[in-house]
There are 2 protein chains.
Amino acid sequence: MNTEASLRKERADVIRNRAKILHAAEVHFGSSGVGASLEAVARAAGVGPATLYRHFPTREALLAALLRIHRDRLLARQRELDELSDAGEALRGWLLGLEEYFGLFQGISEPLVAAARSGDTDHPLAGSCQELISATDRYLTSAQRDGRARPDLDGLDLFIAVSAVSWIAGTGTADTASVAKLRTLFEFGYLTE
Amino acid sequence: MNTEASLRKERADVIRNRAKILHAAEVHFGSSGVGASLEAVARAAGVGPATLYRHFPTREALLAALLRIHRDRLLARQRELDELSDAGEALRGWLLGLEEYFGLFQGISEPLVAAARSGDTDHPLAGSCQELISATDRYLTSAQRDGRARPDLDGLDLFIAVSAVSWIAGTGTADTASVAKLRTLFEFGYLTE
DNA sequence: ACCTGAACACCGTTCAAGT
DNA sequence: ACCTGAACACCGTTCAAGT
């Protein structure tokens with residue numbers, strides 16, 4: 001019976017460590033981008049570097065865990081958009097939301113696009129990508145059925161396009177007009193009518 | 001008179017070191033991207049790290065010097081394009097050439113866009129950007145005059161768009177179709193008729 | 001004047017040693 | 001089983017010492 005107690009105690013420790021690491025990563029990635037020092041994250045979490053590596057063997061695994069936490073925002077956004085009658089507007093709204101989501105952590109576009117383009121299903125970020133691309137596909141297909149979007153595109157294409165806009169947004173803060181124009185350029189490209 | 005001789009000798013040394021550094025950087029940046037280790041570049045050049053820093057105080061300054069060396073390719077490309085009668089095709093050709101130019105070193109888009117968007121004329125890469133954006137403006141203006149390009153765009157907008165395509169191209173090699181589709185998406189956005 | 005290499009502070013990652 | 005902190009190899013950057 002004390003095996004159960006000690007088991008419970010150990011688990012509590014592990015869970016607490018995991019939560020501390022995730023919280024510290026959320027803060028550091030949020031302020032310094034996804035390239036933030038993992039050593040600094042471990043230090044802020046009050047654990048040794050090896051503990052961080054045990055929980056999250058790669059930086060991408062840590063990022064994937066963070067993204068999973070923010071998933072609810074995306075789901076809420078989807079419920080909102082599904083009320084819209086105009087499939088073109090729903091697609092546009094989804095892509096704007098995706099762009100906002102990418103704004104969570106600076107530098108997030110790079111690993112996500114790399115994971116998506118590699119086609120490697122074992123990549124730590126493969127799950128996150130898959131989810132985002134599938135949803136994009138869903139809105140795109142609806143819009144295409146209504147003749148509101150070009151037919152020769154798929155979800156990955158638009159996922160990549162949004163990543164590119166987010167990446168540009170992350171390269172500077174002075175000049176917001178350029179980002180808006182790039183977004184418009186894309187909209188002219190994929191929307192019809 | 002031996003002051004002149006020693007001066008000449010010292011200059012030869014400096015020039016040789018500069019050339020060795022540039023050559024090593026060309027090789028390393030070419031194979032590992034613009035984020036390559038500057039220490040490794042200095043080692044390959046056979047100079048101490050401080051010598052590299054004396055010649056090129058920042059990574060961007062070194063990159064700017066490398067880009068200046070490749071400038072002739074761009075000028076040749078311009079001469080070629082100026083023969084075209086269709087201003088829309090000339091613009092498209094210029095942007096394709098720009099994309100190719102960005103392919104010289106992986107990761108080149110990021111510092112260039114950052115420099116361009118910052119608007120800082122003292123930035124080490126400001127000169128390189130200025131040159132590229134001006135040329136883009138020239139082809140865009142011609143195309144706009146012929147009604148072949150959207151009027152609400154400027155050279156910086158298209159420079160950024162091309163940077164984004166190049167950035168995507170650098171995120172993976174497996175999947176070349178995605179890059180082509182992104183490029184087409186942009187062309188639908190900025191070309192008219 | 002220019003170069004050298006040592007020096008400092010930092011980071012990613014791993015491993016033996018602890019509990 | 002899990003954690004710790006020392007350890008290793010690497011890097012960017014600077015500085016005293018050399019020529």
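Sequence lines set the chain letters: A, B, ... in the order given, protein chains first and strands last, and positions in each chain run from 1.
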Q. Whole-Å distance between dC2(D) P and R18(A) CZ?
A. 13 Å
(Q) Rounding to an integer number of Å, can you tell me how far F56(A) CZ sits from dT13(C) C1'? (A) 17 Å
Q | 5' priority, DNA chain C, between P49(B) and N17(B) [closest heavy atom] | A | N17(B)
Q: Give one of base, sugar-phosphate or nothing for T51(B), where a contact means two heavy atoms less than 4.0 Å apart.
A: base
Q.
For dC11(C), give the paired nucleotide (Watson-Crick: N1-N3 plus N6-O4 or O6-N4; G-U: N1-O2 and O6-N3; both under 3.5 Å), or none.
A. none
Q: Measure from CD on E39(A) to P on dA7(D) and round the result to the nearest Å.
A: 15 Å
Q: Would you please test R43(B) and E39(B) for salt bridge (charged side-chain N to carboxylate O under 4.0 Å, His left out) and show each step?
A: CA-CA 6 Å; R43(B) 213 161 34 225; E39(B) 199 188 348; 3.8 Å; yes
Q) Mind checking whether D157(B) and D152(B) have side chains closer than 4.5 Å, heavy atoms only? A) no
Q: Indicate whether OP1 or OP2 belonging to dT14(C) is found under 4.0 Å from a side-chain N or O atom of R54(A).
A: no
Q) Which whole-number value in Å describes the distance from K20(B) NZ to dT4(C) C1'? A) 12 Å
Q. Aromatic ring centroids of F188(B) and F186(A) under 6.0 Å?
A. no
Q. Under 4.0 Å between a side-chain N/O of H55(B) and OP1 or OP2 of dC3(C), yes or no?
A. yes
Q.
Taking atom NE2 as the centre, does H23(A) end up with more than 12 heavy-atom neighbours from other residues, nucleotides or ligands that are less than 6.0 angstrom away?
A. no
Q: Consider the side chain of S37(B), meaning its heavy atoms from C-beta on, and name the nucleotide among dC15(C), dC11(D), dT4(C) that approaches it most closely.
A: dC11(D)
Q.
Nearest whole Å is fine: how far is dT19(D) C1' from D13(B) CG?
A. 11 Å
Q. Phosphate oxygens OP1/OP2 of dT13(D): is one of them under 4.0 Å from a side-chain N or O of R59(B)?
A. no
**Q.** Cation-aromatic face contact R73(B)/Y101(B), 6.0 Å, 45 degrees
**A.** no
**Q.** Counter-base of dT4(C), judged by Watson-Crick or G-U geometry with both distances under 3.5 Å
**A.** dA16(D)
Q. Can you tell me how far C1' of dC11(C) sits from CG of L38(A), to the nearest Å?
A. 9 Å
Q. Nearest-Å distance, CG (L52(A)) to P (dT13(C))?
A. 10 Å
Q.
Just the rounded figure in Å: distance from P of dT4(C) to OH of Y53(B).
A. 15 Å
Q: Can you figure out which of dC2(C), dT4(D), dT13(D) approaches the side chain of A50(A) most closely?
A: dT4(D)
